[in-house]
Amino acid sequence: MKTLKLVTWNVNGIRASYDKGLNQFVQEYSPDILCIQETKAHKDQVEPHKQSLGYEHNYWSSAERKGYSGVATFLKKKPKKVLTGIDNPDYEKEGRIVWTQHEEFDLYNIYFPNGGSGEERHNFKQKFLKELTDHLKFEMKKGKQIIVVGDYNVAYLEFDVHDPKRLSKESGFLPEEREWFNGFLKAGFTDVFRQLHPDKKEMYSWWSYRELARSRNKGWRIDHICVTEGLLKHIKSCDILMQQVGSDHCPVIAEFEF
DNA sequence: ATGGCGGCTGAGAGCCGA
């Protein structure tokens with residue numbers, strides 16, 4: 001039996017996050033796999049010693065536009081294969097996905113689009129959601145076990161946001177987005193945190209920088225670790241590290257045993 | 001309703017985040 005510690009964290013700019021908490025976090029938790037979203041940098045824009053975060057293997061997908069989006073996956077053990085997109089090249093242009101393939105599962109590290117800045121981005125996000133589910137269904141048909149982690153930019157349960165009534169008109173908690181999440185679960189995924197902690201309330205992973213939202217815990221739970229059925233028996237724990245500083249999001253951690 | 005905060009770009013104020 002070996003333990004696998006997996007972390008997902010939207011750091012909102014890896015260069016700014018490094019000295020605000022990211023580096024110390026890696027020292028303290030030493031995850032086997034660390035999935036970062038919103039690097040807001042190309043790999044070569046980051047100082048060499050900070051580039052790897054101490055990981056021998058790290059894979060980046062960055063946006064064409066500088067300072068925007070971007071994901072990176074850091075691993076102690078080399079994956080069998082690495083990809084940076086699904087069928088639609090638009091998502092690679094925005095650095096949305098690092099897809100690593102491992103012995104026991106395929107891992108998708110994803111920064112889901114934000115749909116809150118107008119109709120075009122709203123539609124882009126809904127398209128992304130649909131196409132991702134289609135892609136994952138196709139992969140599952142091959143018999144694969146899959147982990148999807150990242151900043152989903154979607155909360156789906158009433159108590160996953162601090163004010164469900166007001167926020168039901170805002171991107172990230174729209175009825176159609178919550179419906180998408182339920183369909184995603186129905187397709188065969190389990191939200192690991194909620195599976196282990198069905199009644200835990202006021203657990204959030206993102207707070208606005210404004211209006212002292214974090215200290216008042218006016219947050220959203222939008223960062224998730226979801227797995228296919230065959231992986232459920234391997235889960236040992238899952239927690240939202242709400243006290244962790246260094247970003248407007250906090251990390252979510254899960255431990256598996258294989 | 002608006003703007004509020006912060007990272008980033010490119011050298012200003014503006015874009016974007018959810």
Side-chain angles (χ1 to χ4, degrees), chain A residues 8-23 25 36-47 50-51 60-72 90-91 93-97 110-129 132 149-181 184 202-224 240 242 244-252:
Chain A
T8 178
W9 193 8
N10 178 326
V11 298
N12 188 28
I14 196 167
R15 288 167 288 183
S17 181
Y18 188 84
D19 290 316
K20 290 195 303 179
L22 176 59
N23 184 42
F25 174 82
I36 296 291
Q37 302 89 39
E38 273 203 270
T39 56
K40 293 190 174 185
H42 290 252
K43 189 173 176 177
D44 61 16
Q45 288 179 294
V46 182
E47 287 176 50
K50 298 181 177 178
Q51 232 172 56
W60 298 56
S61 178
S62 302
E64 285 180 354
R65 177 179 175 177
K66 279 174 89 178
Y68 177 70
S69 183
V71 294
D90 287 348
Y91 308 145
K93 285 181 198 162
E94 295 194 1
R96 295 282 168 191
I97 300 169
I110 306 183
Y111 176 41
F112 289 65
N114 180 315
S117 56
E119 197 184 341
E120 191 193 339
R121 293 308 291 176
H122 169 79
N123 293 336
F124 184 84
K125 178 181 182 181
Q126 306 313 314
K127 191 165 183 286
F128 182 94
L129 294 174
L132 177 69
V149 308
D151 176 359
Y152 280 59
N153 269 322
V154 178
Y156 70 103
L157 292 171
E158 285 273 315
F159 59 101
D160 285 337
V161 295
H162 64 275
D163 188 346
K165 195 170 175 191
R166 182 170 66 81
L167 299 176
S168 67
K169 291 180 181 61
E170 296 202 15
S171 180
F173 196 61
L174 297 172
E176 66 180 292
E177 295 176 326
R178 300 176 62 189
E179 202 173 306
W180 168 81
F181 206 110
F184 169 75
E202 296 179 349
M203 294 298 292
Y204 306 125
S205 65
W206 176 80
W207 306 261
S208 170
Y209 279 125
R210 301 161 222 180
E211 299 171 309
L212 302 171
R214 191 154 186 175
S215 57
R216 294 160 58 219
N217 200 23
K218 301 292 183 188
W220 304 46
R221 191 173 73 88
I222 52 173
D223 298 86
H224 307 292
I240 303 177
M242 288 177 55
Q244 178 62 47
V245 297
S247 170
D248 52 349
H249 293 250
C250 75
V252 182

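Protein chains get the first letters and strands the later ones, always in sequence-line order, with residue 1 at the start of each.
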Colleague: What pairs with A/Tyr156 under ring pair (Phe, Tyr, Trp, His ring centres under 6.0 Å), at least two apart in sequence or on another chain?
Modeller: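 Result, ring pair (Phe, Tyr, Trp, His ring centres under 6.0 Å) vs A/Tyr156: A/Phe181.
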Colleague: Got a salt bridge between A/Lys125 and A/Glu177, using NZ or NE/NH1/NH2 to carboxylate O under 4.0 Å?
Modeller: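 Between A/Glu177 and A/Lys125 there is a salt bridge, with a charged N closer than 4.0 Å to a carboxylate O.
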Colleague: Considering non-hydrogen atoms only, spot the tightest contact between A/Met242 and A/Arg214 and give its length.
Modeller: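 Heavy-atom minimum between the residues: O-NH2, 3.1 Å.
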Colleague: For residues 116-127 of chain A, which residues have at least one heavy atom under 4.0 Å from DNA chain B?
Modeller: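 A/Gly116, A/Ser117, in order of number.
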Colleague: Decide, yes or no, whether a salt bridge links A/Lys50 with A/Asp19 under the criterion of side-chain N to carboxylate O below 4.0 Å.
Modeller: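 Salt bridge present between A/Lys50 and A/Asp19.
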Colleague: Could you run through nucleotides 6-14 of chain B and give me one letter per nucleotide, 5' to 3': B if any protein heavy atom sits under 4.0 Å from the base, S if only the sugar-phosphate is that close, - if neither?
Modeller: SBSSS----
Colleague: Identify whether the distance between the nearest side-chain nitrogen and carboxylate oxygen of A/Glu170 and A/Lys165 falls below 4.0 Å.
Modeller: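 Salt bridge between A/Glu170 and A/Lys165, a charged N being under 4.0 Å from a carboxylate O: no.
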Colleague: Taking atom OG of A/Ser69 and atom CD of A/Gln37, what is their separation to the nearest 0.5 Å?
Modeller: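 If we round to the nearest 0.5 Å, A/Ser69:OG and A/Gln37:CD are 9.5 Å apart.
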Colleague: Using the C1' atom in both, what is the distance from B/dC16 to B/dG4, to the nearest Å?
Modeller: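 Looking at atom C1' only, B/dC16 and B/dG4 are 15 Å apart.
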Colleague: Hey, what's the ring geometry for A/His162 with A/Tyr204, parallel, tilted or perpendicular (30° and 60° as the breaks)?
Modeller: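 Perpendicular, since the angle between the ring planes exceeds 60°.
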Colleague: For the atom pair CZ (A/Phe173) and CD1 (A/Ile222), what is the distance rounded to the nearest 0.5 Å?
Modeller: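 Going from CZ on A/Phe173 over to CD1 on A/Ile222, the span is 12.0 Å.
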Colleague: Tell whether A/Glu38 reaches the base of B/dG17 with its side chain through a donor-acceptor pair below 3.5 angstrom.
Modeller: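 Side chain to base: no pair present.
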